[in-house]
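Data block below; observations after.
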Amino acid sequence: MSRIGKMPIALPAGVEVKFADGIVTVKGPKGTLSREIVGNIGIEVEGATLLVKALDDKADTNAKHGLYRALLNGMVTGVSAGFVKSLEVKGVGWKAAVQGNKLVLNVGFSHPVEIVAPEGIKFECPTLTEVNVSGISKELVGQTAANIRKVRLPEPYHGYGIRYKGEYVEHKEGKTSGKGKK
């Protein structure tokens with residue numbers, strides 16, 4: 001039995017969960033998410049709690065028990081509160097701006113880089129050097145933020161690049177030439 005899988009999920013007010021034909025649907029104030037449940041896993045709603053149950057003792061079922069509990073918890077959190085990933089743009093003259101559903105990055109290339117928001121994702125730029133990626137799907141928010149970061153990964157010599165807010169980039173010492181030589 002999975003320790004994570006055994007924990008109940010508290011359902012906030014306004015969140016509905018339906019499970020039929022191997023598909024679980026979570027509906028809340030921010031939207032609706034669906035996921036296919038594969039394997040011998042059962043889902044029960046008891047009052048304001050959601051329980052994920054393993055229906056046999058196989059190793060594969062035990063592994064999926066904890067996985068689906070964690071995924072369902074993320075779905076419940078997403079439709080009730082949503083998810084946000086914050087990124088910082090570090091570089092001289094580098095900036096980010098939102099134009100409609102596109103994020104426009106000026107990050108040291110000869111051209112601006114445009115990233116179109118996938119369905120269900122919203123971009124915000126509170127300042128010229130900050131980008132907030134928000135949505136109800138934890139996977140989609142994380143993957144979109146990772147794709148933005150991939151445009152200019154943080155480099156270790158000057159610290160330029162796009163990084164997650166609060167991410168620490170260890171700086172390397174540059175080359176030293178001519179010291180100690182005669």
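All of these numbers come straight from a predicted model, not from anything done at the bench. All heavy atoms count here, side chains included; hydrogens, waters and symmetry mates do not.
Between V133 and the options T144, N147, V84, a side-chain contact (heavy atoms from CB on, under 4.5 Å) holds for only T144.
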Original post:
How far apart are the C-alpha atoms of E124 and K122, what are their side-chain angles, what is the distance that settles it, and do they pass the salt bridge (charged side-chain N to carboxylate O under 4.0 Å, His left out) test?
Top reply: CA-CA 7 Å; E124 294 175 348; K122 184 179 174 195; 3.5 Å; yes
**OP:** Carefully, step by step, assess T61 and N40 under the rule side chain to side chain donor-acceptor pair (under 3.5 Å).
**Re:** CA-CA 6 Å; T61 303; N40 211 359; 5.4 Å; no
**OP:** Using the side chain to side chain contact (heavy atoms under 4.5 Å, CB included) rule, take K6 and V52 through it: C-alpha gap first, then chi angles, then the decisive distance, then the call.
**Re:** CA-CA 7 Å; K6 286 192 273 187; V52 180; over 6 Å; no
**OP:** Show your reasoning for whether side chain to side chain contact (heavy atoms under 4.5 Å, CB included) applies to K58 and N62.
**Re:** CA-CA 6 Å; K58 294 181 182 172; N62 286 338; over 6 Å; no
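In this structure, S137 OG and M75 CE are separated by 8.5 Å, a value rounded to the nearest 0.5 Å. Between K138 atom NZ and F83 atom CZ the span is 5.0 Å, to the nearest 0.5 Å. Distance check: I148 CD1 to F123 CZ gives 4.0 Å after rounding to the nearest 0.5 Å. Taking NZ from K150 and CD1 from I162, the interatomic distance works out to 12.5 Å, rounded to the nearest 0.5 Å. Residue D57 holds its CG atom at 11.0 Å from NE2 of H65, rounded to the nearest 0.5 Å. To the nearest 0.5 Å, atom OG1 of residue T129 and atom NZ of residue K165 are 8.0 Å apart.
Looking only at side-chain heavy atoms (C-beta outward), V38 and Y68 come within less than 4.5 Å of each other. Looking at heavy atoms from C-beta onward, K27 lies out of side-chain contact with V15 at the 4.5 angstrom threshold. The closest side-chain heavy-atom distance from T25 to L33 is not below 4.5 Å. Inter-residue side-chain proximity for P156 and H171 is flagged as unmet; no heavy-atom pair is nearer than 4.5 Å. Between L11 and S80 the shortest side-chain heavy-atom distance does not fall below 4.5 Å. Residues V26 and T32 have side chains not in contact (no heavy-atom distance under 4.5 Å, counting atoms from C-beta outward). The side-chain heavy atoms of R69 and N73, taken from C-beta on, include a pair separated by under 4.5 Å. The side-chain heavy atoms of R163 and V169, taken from C-beta on, include a pair separated by under 4.5 Å.
Both L87 and L140 sit in one connected hydrophobic cluster of ILVMFWY residues. Membership requires side-chain heavy atoms under 4.5 Å apart, directly or through other members. The same ILVMFWY cluster, assembled from side-chain heavy atoms under 4.5 Å apart, contains both V113 and V131. Put simply, L67 and L50 are part of the same group of oily side chains (I, L, V, M, F, W, Y) that touch within less than 4.5 Å, one to the next. In terms of hydrophobic clustering, with Ile, Leu, Val, Met, Phe, Trp and Tyr side chains grouped at heavy-atom distances under 4.5 Å, I115 and V104 are assigned to different clusters. Taken together through direct or relayed side-chain contacts under 4.5 Å among Ile, Leu, Val, Met, Phe, Trp and Tyr, I43 and I23 form parts of separate hydrophobic clusters.
Within 6.0 Å of the NZ atom in K64, the count of heavy atoms belonging to other residues, nucleotides or ligands exceeds 12. Residue I4 qualifies as open at atom CD1: its count of foreign heavy atoms under 6.0 Å is 12 or below. Around CD of E139, the count of heavy atoms belonging to other residues, nucleotides or ligands within 6.0 Å does not exceed 12.
Applying the ring pair (Phe, Tyr, Trp, His ring centres under 6.0 Å) criterion to H158, with sequence neighbours excluded, gives Y160.
A side-chain hydrogen bond (donor to acceptor under 3.5 Å, both in side chains) check over residues 96-112, counting only residues at least two apart or in different chains, returns the pairs K102-E114.
Residue W94 comes nearest to G161 through the heavy atom pair CZ3-N, 3.3 Å, listed as atom of the first residue, atom of the second, then distance. Closest of all the heavy-atom pairs between V98 and C125 is CG2-SG, 3.6 Å. The two residues L51 and P8 have their closest heavy-atom pair at CD2-CB, 3.5 Å. Of all heavy-atom pairs between A54 and I41, the closest is CA-CD1, 4.4 Å. Contact detail for G135 and V141: the closest heavy-atom pair is N-CG2, 3.5 Å.
When only modelled atom types and interatomic distance are considered, N132 and S86 share a side-chain donor-acceptor pair under 3.5 Å.
Cation-pi geometry between R152 and F109 is satisfied (NZ or CZ under 6.0 Å from the ring centre, within 45° of the ring normal).
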